[in-house]
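These notes concern the structure reproduced below.
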Amino acid sequence: MRTIEWHNGTVKTINQLKLPYKTEFLELKTCNEVAEAIKTMKIRGAPLLGAAAAYALALTAYHSKAKRREELIRELEEAAETIKNTRPTAVNLFWAIDRIMNKARAFHGSVTDLAFFVVDEAEKIAEEDANANRSIGKHGASLINDGDTVLTHCNAGALATVEYGTALGVIRAAAEQGKKVRVIATETRPKLQGARLTAYELKRDGIPVTLICDTMVGYVMYKRMIDKVIVGADRIVRDAVINKIGTYQIAVLAKEHGVPFYVATPKSTFDLTRKSAEVIIEERSPEEVTYIGAERIAPKGVTALNPAFDVTPLKYVSAVICEEGILYKGDLSTLKPKTAERK
Ligand code: MRU
């Protein structure tokens, strides 16, 4: 399943707010349309945000009427600002924008050549993500035993990436190798990415999935129902993994119960120049908590907190699985992954 595609000046992607009830495709033609889709979470998931950000610049370049290279660079700079102001936490979005803008500024061809260069670079970013996820799957599958039950949180599947997924990519790869893997997926309040998207993807692939409320994680670990936890990440900094709200409590519970806690993510999610205190954790509308869909579930006048992500210190992380291999404790600082499991 390819989640995002470029078709001659149009970005085609799935409207994730409509899943699992309806498969609706968006056809986006401007940077502002991409920005709106990101803000409203029609497009979401860190690696997909990177690809979407790249394609927003591609749309700007492709449809530009600029006559001079400098004029196009100015338009791209404006588009870059618009996209950077959508969601603050997933680093992939900033990484993709900076990668394209740095290369565009250093490009010294004609304005037409520059426009095509930007489109090509966006296509490269998308293709690299699809390939990275296959490699993450291959490396991560070595950590999964036949018969394992894996707990995952939020959606780190094909829908959160260009293709295949990170955490779900590992599970998919293990299943493709013939291992019997069961998944326990948390519903992931308030936006329900686990219930709506992870359950949808796994059911579609025929991988057994059981849904639990976020409040049930302690109980299923106490009952020894979980062999491994695998989640994705929105940003990996020097001291922590930043991922969907609720990840931290799962990691603490996993440590308490001796369950390995793995993070599967491409290197575009690494931000090792920063520490967690420097990262903006997105705060979303309290109404996402006080309502489920159109229905208010809390008394009028009651407000709510709604941080979209939390911070899991690295001491809770057994390993990070990236496209180059598996980074165990201490390897993150050197970025020297192992390709086989180290006990
Ligand atoms: O708010 P979302 O749905 O964009 O958050 C997504 C997550 O937190 C995912 O776990 C993360 O982006 C990793 S996706 C491979």
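Both ligands and their constituent atoms are indexed starting at 1 by order of listing.
Counting the atoms of ligand 1 from 1 in the order shown, those under 4.0 Å from a heavy atom of M41 are 1 (O), 2 (P), 3 (O).
The pair K65-E71 fails the salt-bridge criterion, with no side-chain N (NZ, NE, NH1 or NH2) lying under 4.0 Å from an Asp/Glu carboxylate O. Ion pairing of K228 with D148 is present here, as a side-chain N (NZ or NE/NH1/NH2) and a carboxylate O approach within less than 4.0 Å. Checked for salt-bridge contact, K124 and E121 meet the test: a charged N lies under 4.0 Å from a carboxylate O. Salt-bridge formation is not detected for the pair E33/K42: no Lys NZ or Arg NE/NH1/NH2 atom is positioned less than 4.0 Å from an Asp or Glu carboxylate oxygen.
Using a non-hydrogen distance threshold of 4.0 Å, L48 does not register as a contact of ligand 1. Ligand 1 is approached by R87 to a heavy-atom distance shorter than 4.0 Å. Heavy atoms of A90 come nearer than 4.0 angstrom to ligand 1 in no pair at all. In this structure, G45 is part of the shell of residues with a heavy atom less than 4.0 angstrom from ligand 1.
Not one N or O of T161 is nearer than 3.5 Å to an N or O of ligand 1, by distance alone. Remark: ligand 1 and L49 share no N or O pair separated by less than 3.5 Å (distance only, no angle test). For ligand 1, one of its N or O atoms has an N or O atom of N243 under 3.5 Å away. Of the polar atoms of R44, at least one N or O is found under 3.5 Å from an N or O of ligand 1, judged by distance alone.
Residues W6 and Y62 bring their aromatic ring centres within 6.0 Å. Aromatic pair Y316/F261: ring centres not closer than 6.0 Å.
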Distance-only check: which donor-acceptor pairs under 3.5 Å involve side-chain atoms of residues 304-311, not counting sequence neighbours?
{"residue": "N306", "atom": "ND2", "partner": "S285", "partner atom": "O", "Å": "2.8"}
{"residue": "N306", "atom": "ND2", "partner": "E288", "partner atom": "OE1", "Å": "2.9"}
{"residue": "D310", "atom": "OD1", "partner": "Y248", "partner atom": "N", "Å": "3.2"}
{"residue": "D310", "atom": "OD2", "partner": "G246", "partner atom": "N", "Å": "2.7"}
{"residue": "D310", "atom": "OD2", "partner": "T247", "partner atom": "N", "Å": "3.3"}
{"residue": "D310", "atom": "OD2", "partner": "Y248", "partner atom": "N", "Å": "3.2"}

